[in-house]
Amino acid sequence: MSLIQIKVPATTANLGSGFDTLGMALSLYNIFTINEILPEDEYKCKIFGEGAFSDELKDAKKNLLVRSYLQACEEFNISPKGFSFESCNAVPLNRGLGSSSTAIVAGVALANVLSGNKFSESELLRVMTKIEGHPDNVVPCYIGGMTVSCWDGESLRYVRLPALPKNLNVIAAVPDFQVHTEDARKILPESVPFRDAVFNVSHASILCAAWAMGRWDLLRVGMEDRLHQSHRAKLFPGSTGEKFLREINNHPDCVATAISGSGPTMIAIVHGKAGELSKAMCRIFSDGGAASHFFVLNCASGTVISPC
Ligand code: HSE
């Protein structure tokens, strides 16, 4: 028997210049189905699709959805229930498409549903961000669209921008190797030159203003970054990362490109047909010795919770 279904989108964070700030929901989903309410502290799960063989996902008590549910219950001061659930995963794991955020968002949203929907959107997002540590995946994952978020470790502010227009798609080229966000954060420098900080402030600001005003011609320049991508490109085999940022940006069909979140998926915003650009992206991975596959996605709405 199914009780509640939670459909949660993938996300692409940073969008180049907007490190830990910008993020967009994408039309690729993990679907979590709660089948049964069980006595407190009893959890069961079945995993299908991505991560079906991962011990961490299969062990219900270690599963991030359950851990996030329990943390949310503690934050909200509510008594946790036990439950059994199925997770049908289409979002690749540890590839920079927000798979962890889908579990965090589902766990916190479930705590809210099972306690009678007492908590506001901003209260839920604050707890989701606290669990994730940064807001740029969980905010678009929960509310959808393109979002700008600001987190100081306690308070969260966020604004949803208009969705990417239908004639612009997002190609996500996903290689067959993984990068853990923790490693991709460790590789970043402790400090950056002042001029690079100014570069990112101005480019992320232009990106947000352009997005709000529909100035899609400014996306490429707005997504340029000097804070994180050149460091993270070193986590890619050979010089795949640098090659992407250089060559894909110059492809005639590419509107703008970036490392998706902490990588290693690369995204490119494309206008019109996506075939040639998708092939070019996968070719760069195969030249670097990595197999890859790609998705052509739209900007998506947020999490949908439905009673079954
Ligand atoms: N903003 C985060 C980072 C996103 O780049 O580390 C991780 O998905």
Side-chain angles (χ1 to χ4, degrees), residues 8-26 28 30 50-51 64 68 89 91-108 125-126 128-143 146-153 156-159 161 170 172-175 177-192 196-197 199-201 203-204 207-208 222-236 241 244-245 256-267 295 297 300 302-303:
V8 193
T11 41
T12 184
N14 300 330
L15 281 295
S17 56
F19 184 75
D20 277 1
T21 303
L22 304 181
M24 177 169 44
L26 297 172
L28 180 70
N30 285 346
E50 297 286 340
L64 188 53
S68 304
N89 298 339
V91 183
L93 255 57
N94 298 317
R95 300 301 212 296
L97 285 170
S99 64
S100 308
S101 292
T102 67
I104 294 171
V105 165
V108 176
L125 284 171
R126 191 191 60 80
M128 290 167 187
T129 303
K130 191 170 172 189
I131 297 172
E132 177 81 308
H134 43 82
D136 46 338
N137 289 107
V138 289
V139 174
C141 182
Y142 189 58
I143 67 172
M146 165 77 168
T147 61
V148 187
S149 312
C150 176
W151 169 246
D152 61 10
L156 174 73
R157 269 111 193 164
Y158 57 95
V159 173
L161 292 175
V170 179
V174 186
F177 62 91
Q178 301 191 345
V179 168
H180 290 269
T181 298
E182 210 184 313
D183 299 326
R185 292 182 85 85
K186 271 194 214 139
I187 204 167
L188 301 177
E190 280 291 313
S191 58
V192 295
D196 288 349
F199 182 96
N200 268 60
V201 169
H203 284 70
L207 178 56
C208 295
M223 281 171 62
E224 282 176 24
D225 150 72
R226 287 196 189 155
L227 289 187
H228 64 109
Q229 296 190 129
S230 61
H231 303 285
R232 286 172 163 180
K234 298 190 184 101
L235 296 169
F236 289 60
F244 254 109
L245 297 168
T257 188
I259 297 178
S260 185
S262 57
T265 292
M266 294 295 306
I267 54 149
F295 299 98
L297 305 168
T303 295

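Residue numbers count from 1 along this sequence. Excluded from the calculations below are hydrogen atoms, water molecules and symmetry mates; all remaining heavy atoms, backbone and side chain alike, are included. We count ligands from 1, going down the list as the structure has it; atoms in each ligand are counted the same way.
The aromatic rings of H228 and F19 sit tilted, their planes meeting at an angle between 30° and 60°.
In this structure, the protein non-hydrogen atom closest to atom 3 (C) of ligand 1 is R185 NH1, 3.2 Å. The nearest protein atom to atom 7 (C) of ligand 1, hydrogens excluded, is given as H134 CE1, 3.5 Å; this is a heavy-atom distance. The nearest protein atom to atom 8 (O) of ligand 1, hydrogens excluded, is given as N137 OD1, 3.0 Å; this is a heavy-atom distance.
Residue contacts with ligand 1 include R232, since one of its heavy atoms falls under 4.0 Å from the ligand.
When non-hydrogen atoms are compared, ligand 1 lies under 4.0 Å from neither the backbone nor the side chain of H228. Contacts with ligand 1 closer than 4.0 Å are made by heavy atoms of both the backbone and the side chain of D20.
In this structure, a donor-acceptor pair under 3.5 Å is present between the side chains of T181 and S262. At a cut-off of 3.5 Å, with distance as the only test, a side-chain donor of S101 or E132 sits close to an acceptor on the other residue.
Under the side-chain hydrogen bond (donor to acceptor under 3.5 Å, both in side chains) test applied with T102, the options N89, T303, N30 reduce to a single match, N30.
In terms of heavy atoms, A103 sits closest to L64 at CB-CB, 3.8 Å.
Near D136, meaning under 4.0 Å from one of its heavy atoms, ligand 1 places the atoms 1 (N), 2 (C), 4 (C).
Within the 4.5 Å cutoff, side-chain heavy atoms of M266 are placed close to those of L245.
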